J.: 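Structure in structure tokens, see below.
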Amino acid sequence: MHFLNELNESQRKAAEHLYGATMVIAGAGSGKTRVLTYRIAHMIENEIDPFNILALTFTNKAAREMTERIGSIVGADEAKNITMGTFHSVFSKILRFNADRIGFPNNFTIYDTQDSKSVIKDIIKGFKLDDKTYKPSNVFGRISSAKNNLISPEAYCQNEEIKLEDQQARRPEMGRIYMSYMNRCQKSGAMDFDDLLYYTNVLMRDFPEVLHYYQHKFKYILVDEYQDTNYAQYLIIKKLAAAYENICVVGDDAQSIYSFRGANIENILNFRKDYPDFTLYKLEQNYRSTKNIVEAANSIIKKNKDQIHKSVWTENQNGNKIKVVRTPTDNEEGRSVASFIHEKQGKSNCSYNDFAVLYRTNRQSRSFEEALRKLNIPYKVYGGLSFYQRKEIKDLLAYFRLAANPNDEEALKRVINYPKRAIGKTSIEKLIVAANNYTTSMWEVICDFHKYPVDINNGTKSRISEFATMIKSFQSEINTKDAFSLAERIARSSGIMKELIDAKDKGPEEVERFQNVEELLSGIQEFSNSGDEVDPNTLADFMLEVALLTDADQEKPEEKNHVSLMTIHSSKGLEFPNVYLVGMEENLFPSQMSLHSRSDLEEERRLFYVAVTRAMESCTLSYAVSRFLWGQSISCEPSRFIDEIDPNYLEFSSKSKSINRGLSMKGFEGARTGGLNKMTNPSLRSLKEVTRQKSSSSNEQDIKVGYNVEHKTFGKGKVTHMEGLGADQKATIFFPHHGSKTILLRFANLEILNDE
DNA sequence: CCAGTACTTAGGTTG
DNA sequence: TAAGTACTGG
């Protein structure tokens, strides 16, 4: 059968429409990836040269999978010539190729978020600003969104509106920091993630011949997950597509969940303006989920005001209702989900791959990990601290980075004294200051103390020079020697290997560190071997790839038989027969931060929609009545999102015995008005009431206005005012010796001295 | 210069 | 709670 016959009518139309501007709005589970794949295969069958195709995906993994699937249709040799990847990976390659034009070395480093923040921190320190008003992560966020909107440092400083905003936020130096940050990165030959898009725009704006070249190379452009593109990405596509206007964007406004990093739904609206005679296709038939799940999801998204109308439907069976489970604590939530999985897996003998636990925040994984481990259920936690962010990996990579680009200041700072070579903080500080004064890089300074005198004692200086000599010796081999032998040599002669081996008998964590480094090295070995004898894959080649890799790229599919634990964000695009959506509580999901604005709340709701539509057969929502947060137990209310689902698709269960016991012990009998196994929606509300009462009465710090209290540092005082609830509860206290102070109770550790 | 200790303070998602 | 930072004495 020809592959196009595997598509339904609207899918097929979208796949066959090859010329002109096309927008495909694809509901969840409507076979979007399949359309993209077949569309590209169809293009190649119609004699379109793969070299002329640019396909931008959201993750590297998606790109790889799609290349593979297209290869299986049209042949791998053809498929490998398609330019396919994330915006970041495709354009980092283009930037490397043209780096000299914009004042970067072609082996520029890519700074990750940690690196960027560390640079910013340094700048704030250098400017002698208070790092509480200028929090590195805030500053970084502000710079990032400026870049995503293509606002240059100069434009930032001149823009009156921005100036006013920063002044009102009492951060008038923001523009100066932004400017200095850009300079520092450039001096270090480094780009951050946002720079990859920002400088691509600069390149295409200032070098028409470059733009012209890529416009004619990429005659056909496809963009997946279009709803999650930001302005910088939008403009790149617009410029590239300007010559031929063969552009196809695929997305679903209902699944836009990345506005926090600049994604802009307006790109969809702009598309209509930019290409007025575009063709719109809607994919509305869902092939993934049961009717109950599809309908429940529809009832959720209906509450959002901002959306493109579409009606997702399915021919699949009704299936079971969505289960809602309540547990007393977060740990019990972990145990109950683990036992559900255990039971179900045992009964149907399905694979552990069929289960996913989805949560809003990474830190929620803990209770599920513990519970699953106890039941011997294999699991894998996705996201969180990635392999490439681990200290030991970053340390070794820093040496590699230095070998490729010694001006990389973050890498230099990281390893100049690791392993210990008696080069202390003060000396490093002096080097940084010197580099800034001489307007050169730290590396240049340490290479030539005659040209750049620094006030450091001679012993330290000679140790620094020794270090520089070592780096130079690595540097000389980075483009010639094969990746693995150089990597191994660096690991050994830097002293990192010895350091890790010596630490090994300290404990299991140290052993793991060593194993991680071994894993990295074996990955490099694999990479080395994939090159050929004459022209080996070098460490420089490896470093070009590595900065943009994520954990998902590491995964070996054959090893996969485990329950997946991940955030909802990282579940985008995936599907699982059984989904457990946990932590369905107010202030957690929807997140507390989202409650201030309608658009933020709508994004949370879209996130909820994404979560529910991951489920194929069964979906379970769970919430805990109390949860540990920063070492304190706080009480929680069920999420408003549970109420928002049409109750016809819900089933309230309190199946597990331990849950019932837990509840009655804490006095929740009143909530179970609807019988043992089923509760109706109103009973959920009554439960909320109970929860609320609990939260006000069970507060351990029962402090009221007028109380005399004693504080660890301020001594005795009298409470004059109270504000906030729960963890935010604050008391204003008058201390005779220190004046009036407003203090967060959960940190204050007050002693109540009632009867004085 | 360095290691060990006391103290502070997170609030969220990612290439 | 846990991680990261600031401080202090060797």
Side-chain angles (χ1 to χ4, degrees), chain A residues 56-63 85-92 110-114 116-118 121 125 131-132 135-138 141 144 148 191-197 225 228-230 232-233 256-263 330 358-364 366 382-386 388-389 391 417-418 420-429 456-457 459-460 463 546-553 566-572 583 587-595 600 603-604 606-608 610-611 627-634 712-713 726-728 744 746-747 749:
Chain A
L56 296 164
T57 57
F58 197 69
T59 61
N60 293 308
K61 190 170 153 228
T86 60
F87 274 89
H88 292 94
S89 78
V90 168
F91 294 111
S92 72
I110 296 175
Y111 274 177
D112 67 16
T113 316
Q114 279 177 47
S116 303
K117 283 185 187 163
S118 146
K121 214 168 164 183
K125 209 164 159 201
D131 63 355
K132 278 181 187 104
K135 286 188 187 142
S137 49
N138 286 339
S144 168
N148 286 158
M191 292 201 195
D192 66 20
F193 290 129
D194 302 311
D195 285 332
L196 296 175
L197 306 174
E225 307 285 7
D228 286 326
T229 53
N230 59 36
Q233 292 168 322
S256 160
I257 54 175
Y258 282 97
S259 77
F260 71 89
R261 69 175 208 222
D330 48 351
L358 307 183
Y359 35 77
R360 179 65 235 265
T361 66
N362 274 309
R363 63 151 193 265
Q364 288 167 257
R366 209 209 73 248
Y382 290 80
L385 190 62
S386 101
Y388 296 99
Q389 286 167 5
K391 183 190 175 306
N417 194 35
Y418 178 83
K420 294 262 140 55
R421 32 180 88 84
I423 302 169
K425 253 192 293 197
T426 4
S427 305
I428 297 173
E429 207 63 45
I456 295 175
N457 71 55
T460 312
R463 285 190 293 270
V546 76
L548 295 168
L549 291 181
T550 59
D551 271 9
D553 302 309
M566 64 180 87
T567 61
I568 304 168
H569 279 89
S570 45
S571 77
K572 189 167 87 157
N587 297 330
L588 182 56
F589 191 27
S591 138
Q592 189 158 42
M593 317 295 289
S594 71
L595 301 179
D600 283 359
E603 178 148 316
E604 294 283 306
R606 292 194 294 270
L607 196 55
F608 184 42
V610 168
R627 167 177 301 278
F628 255 87
L629 186 66
W630 302 324
Q632 292 219 338
S633 170
I634 55 156
K712 243 196 319 195
T713 45
D728 283 330
L744 263 183
R746 75 194 146 105
F747 295 131
N749 215 358

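Every chain is numbered from 1, with letters handed out A, B, ... down the list of sequences. From a predicted model like this one, the values you see are computed outputs, not experimental measurements. Only this structure's heavy atoms are used, side chains among them; waters, hydrogens and symmetry mates stay out.
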J.: Output the single nucleotide from dG12(B), dC1(B), dT14(B) whose closest atom is nearest the side chain of Ser591(A).
T.: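 Within the option list, the nearest is dG12(B).
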
J.: Under 4.0 Å between a side-chain N/O of Asn587(A) and OP1 or OP2 of dG11(B), yes or no?
T.: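 So the side chain of Asn587(A) is outside the cut-off, no N or O lying under 4.0 Å from OP1 or OP2 of dG11(B).
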
J.: Whether Lys572(A) engages the ring of Tyr258(A) as a cation-pi pair (distance to the six-membered ring centre under 6.0 angstrom, angle to the ring normal within 45°) should be assessed.
T.: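 Cation-pi check for Lys572(A) and Tyr258(A): fails.
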
J.: Hey, does the side chain of Thr361(A) come within less than 4.0 Å of dG11(B)'s phosphate (OP1/OP2), counting only N and O?
T.: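 False: Thr361(A) side-chain N/O out of range (4.0 Å or more) of dG11(B) OP1/OP2.
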
J.: Just to confirm, is there a sub-4.0 Å distance from OP1 or OP2 of dT13(B) to any side-chain nitrogen or oxygen of Ser570(A)?
T.: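 Ser570(A) to dT13(B) OP1/OP2: no side-chain N or O under 4.0 Å.
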
J.: Counting only side-chain N and O atoms of Thr113(A), is one of them less than 4.0 Å from OP1 or OP2 of dG15(B)?
T.: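 No, Thr113(A) has no side-chain N/O under 4.0 Å of OP1/OP2 on dG15(B).
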
J.: Using a cut-off of strictly less than 4.0 Å, decide whether Lys132(A) has a side-chain nitrogen or oxygen near OP1 or OP2 of dT9(B).
T.: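 Affirmative; the distance criterion is met.
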
J.: Going by 5.5 Å between centroids and 30° between planes, is there a stack of Phe260(A) over dT13(B)?
T.: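 So yes, this residue stacks on that base, both cut-offs being met.
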
J.: Reckon Asn362(A) has a side-chain N or O less than 4.0 Å from the OP1 or OP2 of dT14(B)?
T.: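 Yes, because at least one side-chain N or O of Asn362(A) sits under 4.0 Å from OP1 or OP2 of dT14(B).
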
J.: Judged by each residue's nearest nucleotide on DNA chain B, which is more toward the 5′ side, Glu603(A) or Arg421(A)?
T.: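 Residue closer to the 5' terminus by nearest nucleotide: Arg421(A).
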
J.: So, does the side chain of Arg261(A) form a donor-acceptor pair with the base of dT13(B) at under 3.5 Å?
T.: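 For Arg261(A), whose side chain was compared with the base of dT13(B), there is no donor-acceptor pair (under 3.5 Å).
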
J.: Any side-chain N or O of Arg363(A) under 4.0 Å from OP1/OP2 of dG12(B)?
T.: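 The answer is yes; a side-chain N or O of Arg363(A) sits under 4.0 Å from OP1 or OP2.
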
J.: Does the dG12(B) base have a donor-acceptor partner in the side chain of Glu604(A) within less than 3.5 Å?
T.: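 Side chain to base: pair present.
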
J.: Whole angstroms only, please: what is the CD-P distance between Glu429(A) and dT5(C)?
T.: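 It is 13 Å, rounded to the nearest whole Å.
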
